[in-house]
Amino acid sequence: MPTDAIRLDGKVAIITGGAGGIGAATARLMSMRGARVAIADIAFDRAQTVASAIPDALAIHLDLEDEASVEAMVAQTVSHFGRLDILHNNAALLGPDIAQADGNIEHMATALWDRTYAVNVRGTMIACRAALPHLRATKGNIVNTVSSLALQGHMIQAAYSSSKAAIIQMTRAIAASHGRMGVRCNAVAPGMTMTPALREAFPPALRQVVEDETLRDQLGDPQDIAEAVAFLASDAARNITGHVIECDGGGTSHVPGLGGFRAFFEGMGQ
Ligand SMILES: NC(=O)c1ccc[n+]([C@@H]2O[C@H](COP(=O)([O-])OP(=O)(O)OC[C@H]3O[C@@H](n4cnc5c(N)ncnc54)[C@H](O)[C@@H]3O)[C@@H](O)[C@H]2O)c1
């Protein structure tokens, strides 16, 4: 029988890193589906701007490197809305300077490694730890944003990709420990997703390399990732827990070098 289980009516969600890109799209979509949302970000001004365009939304200043700030985010949300049903851990240490500095292990700066893990892994762990008692009460769930880079080896971004892989294992651990308490935990692994920031900063030649490996005829946008997150967060996904959903236009689904194969076979008229 068809149901409306994809709706989020009556639910309260925290979206970390909700001030832009994928997080802002997810906050807007969850609100459209009936949730009340807390938008938590270190960029508080931008979080306020996003929140001001969403009915009943709350903007929270969050610094994932600061344990007290992460715990306060959960406490403030529960105090404001009276409950917590969904924690979407979406924030990450990103930006052109960080990406530039995050190369291979031989050249890794220990400080960059530590900071990446402090924001992405430790911050996510503290948020989950603070949220779990409330999620047990509501039979709620967690959705973590990881990356297709966590599932494949690459010559760049060793700190970022391995931190995201750690979040995948954290996802499974929480799903296993809290499943019988009614709490689900999943992850979404986006491929390259055309946020306004990435559209501006990413070199077109490298973008073409990714496009050639994508099975769809275009790269995903923030709305595509938001749809996967909002689905996992909904009761429609009640039978999915401990899993990673790859939302990447098929980019990680096929034999290596598909772009080259395509060029070869097209050259033979196939
Ligand atoms: N865009 C992509 O191609 C892509 C691909 C794979 C995975 N992802 C993941 O998607 C998520 C969202 O990324 P996005 O592309 O929308 O970029 P984004 O820069 O818009 O989002 C990241 C947010 O995290 C916030 N943030 C950074 N450090 C923080 C801290 N210490 N405390 C609190 N907030 C902090 C930033 O202010 C920003 O708003 C990230 O987890 C990213 O790793 C993105």
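Counting starts at 1 for both ligands and their atoms, following the listed order.
Nearest protein heavy-atom neighbour of atom 37 (O) of ligand 1: Asp41 OD1, 2.6 Å. Nearest protein heavy-atom neighbour of atom 6 (C) of ligand 1: Pro190 O, 3.3 Å. Nearest protein heavy-atom neighbour of atom 28 (N) of ligand 1: Ala92 O, 3.8 Å. Closest to atom 17 (O) of ligand 1, if we only count protein heavy atoms, is Leu94 CD1, 3.4 Å. Here the protein heavy atom with the shortest distance to atom 10 (O) of ligand 1 is Thr145 CG2, 3.3 Å. Looking only at heavy atoms of the protein, atom 3 (O) of ligand 1 is closest to Thr193 N, 2.7 Å.
With a heavy-atom cut-off of 4.0 Å, Ile42 touches ligand 1 through backbone and side chain alike. At a heavy-atom distance under 4.0 Å, atoms from both the backbone and the side chain of Asn90 approach ligand 1.
Considering Asn144, Leu232, Asn141 in turn, Asn144 is the only one that fulfils the side chain to side chain contact (heavy atoms under 4.5 Å, CB included) rule with Cys185.
At least one N or O atom of Lys164 sits closer than 3.5 Å to an N or O atom of ligand 1. Note: an N/O pair closer than 3.5 Å links Tyr160 and ligand 1 by distance alone. The N/O atoms of Leu64, backbone and side chain alike, include one that comes under 3.5 Å of an N/O atom in ligand 1.
The pair Asp221-Arg199 does not count as a salt bridge, with every side-chain nitrogen at least 4.0 angstrom from each carboxylate oxygen.
Residue-environment remark: CZ (Arg262) exceeds the threshold of 12 foreign heavy atoms within 6.0 Å.
Considering only heavy atoms from C-beta on, Ile60 stays 4.5 Å or farther from His80 through its side chain. Considering only heavy atoms from C-beta on, Leu198 stays 4.5 Å or farther from Arg207 through its side chain.
Taking 4.0 Å as the cut-off, Thr16 does not count as a neighbour of ligand 1 on heavy-atom distance. Contact between Met194 and ligand 1 is absent, with no heavy atom of the residue lying under 4.0 Å from the ligand. Ligand 1 has at least one atom lying under 4.0 Å from a heavy atom of Val146.
Against a heavy-atom cut-off of under 4.0 Å, Asp63 is close to the following atoms of ligand 1: 31 (N), 32 (N). Taking every non-hydrogen atom of Thr195 and a distance limit under 4.0 Å, the qualifying atoms of ligand 1 come out as 1 (N), 15 (O), 16 (O).
Closest heavy-atom approach to atom 4 (C) of ligand 1 among the candidates Gly191, Ala40, Ala25: Gly191.
In this structure, the side chain of Glu213 engages the main chain of Gly259 through a donor-acceptor pair within 3.5 Å.
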